[in-house]
Amino acid sequence: MPLALIVHGGAGAIAPHRFEAAKAGCAAAASTGWEILRRGGSALEAVIAAVVALEDDPTFNAGTGAVLTKDGHAELDAGIMDGATMGVGAVAGVQRIKNPILLARHVLATPQVLLLGEGAEELAAARGMPFVDPQHFVNAYRRAPSQPMPDEQAGSLRAEGKHGTVGAVALDAEGHIVAAASTGGVANKPRGRVGDTPIAGAGFYAEDGVGGVSCTGQGEAFIRMAVARRACEALERGAEAQAAADDVIARLGARIQGEGGLIIIDAAGRVGFARNTPAMSYAYCLGDMTAPIAGI
Ligand code: ASP
């Protein structure tokens, strides 16, 4: 089975001076995941490692670099789906976990699929995960030089500044496909707002023999159109990865004026990516590539 891995660092209006940092961050995350796949590691391990790298890079709106709510704190969402078992693990609104994707992975090992806020953090404590002070995210947000303060961002994907989500999809040598996403959500969001990122079928989806998808954009629109699942349905109808990505993102814009993008891998190991926003950072590795191709 050919190996494939693709990551994204969010869709929106990325300022030209941030292009290099966004491309470099995606390339580094893709390299991390790719090394794991090339050593014979699983898609699950590769995707988790790639998303952790993106969550730890303050360039991106996930983990440490997350945007803040209207009242100035971070509420983080993440989800992962294992195409081999069709198991899902997701968390929403966590405030004290540095790498929400690692907590989502713990949820994947439970009978539940999605845990919220304090309940999710109780699981983190039970699994011995480290906690950070919520101020960790506020400090990171305020330190980032390109980062406007919450009131200046008004929650628009088109507004300059940080926005987006991070995500990764991988196909391993066993033919297993895994997809994941992690986000701080939309800048200036009201408390308790949850977008598509922890919702399987909307923000991410994976099914062996079909494909895997990770999304970024206006979460409400991605939920309404079940974008990730819809892209996999295009694969099931025989579309290749790129055609499926193009078709679904075009429909998102045409039907409900939704904005965003997605990355996708089909069961044959072809990758695709599409956006209807001014930019989306991405990086991918395929076949015998030793270094990723990254772009905006
Ligand atoms: N999809 C994310 C959300 O709505 C944000 C983004 O990707 O820009 O929470």
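Computed from heavy atoms alone, side chains included, the values below leave out hydrogens, waters and symmetry copies. Both counts, for ligands and for their atoms, begin at 1 and track the order of listing. Small disclaimer: the values here were computed from a predicted structure and weren't measured.
Heavy-atom proximity to D196, at under 4.0 Å, picks out these atoms of ligand 1: 1 (N), 2 (C), 3 (C), 4 (O). Set against the non-hydrogen atoms of G164, the atoms of ligand 1 under 4.0 Å away are 5 (C), 6 (C), 7 (O), 8 (O). Which parts of ligand 1 touch T197 is read off a 4.0 Å heavy-atom cut-off, strictly below it: atoms 1 (N), 2 (C). Listed by number with element, the atoms of ligand 1 under 4.0 Å from a non-hydrogen atom of T216 are 6 (C), 7 (O), 8 (O).
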Distance-only criterion, 3.5 Å: show the donor-acceptor pairs between side-chain atoms of residues 172-183 and protein atoms not counting sequence neighbours.
unit_1	atom_1	unit_2	atom_2	d
D172	OD1	E174	N	3.0
D172	OD1	G175	N	3.2
D172	OD1	H176	N	2.9
D172	OD2	A43	N	2.8
H176	ND1	D208	OD2	2.6
S182	OG	E55	OE2	2.6
T183	OG1	G164	O	2.9
T183	OG1	T165	OG1	3.0
T183	OG1	G185	N	2.8

Quick one: side chains of residues 46-53, donor-acceptor pairs under 3.5 Å with protein atoms, not counting sequence neighbours, listed by atom name and distance.
none

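Under the 4.0 Å criterion applied to side-chain N and carboxylate O atoms, E220 and R193 are assigned as salt-bridge partners. Taking the charged nitrogens against the carboxylate oxygens, R105 and E45 have no contact shorter than 4.0 Å, which rules out a salt bridge. Under 4.0 Å is where a charged nitrogen must lie from a carboxylate oxygen, and between E20 and K23 at least one such pair does.
Residue T165 has at least one nitrogen or oxygen atom sitting less than 3.5 Å from a nitrogen or oxygen atom of ligand 1, judged on distance alone. The shortest N or O to N or O distance between G219 and ligand 1 is below 3.5 Å. Of the N or O atoms in G195, none lie within a sub-3.5 Å distance of an N or O in ligand 1.
A side-chain donor-acceptor contact under 3.5 Å links D77 to the backbone of G93.
In this structure, R193 counts as a contact residue of ligand 1, since one of its heavy atoms falls inside 4.0 Å of the ligand.
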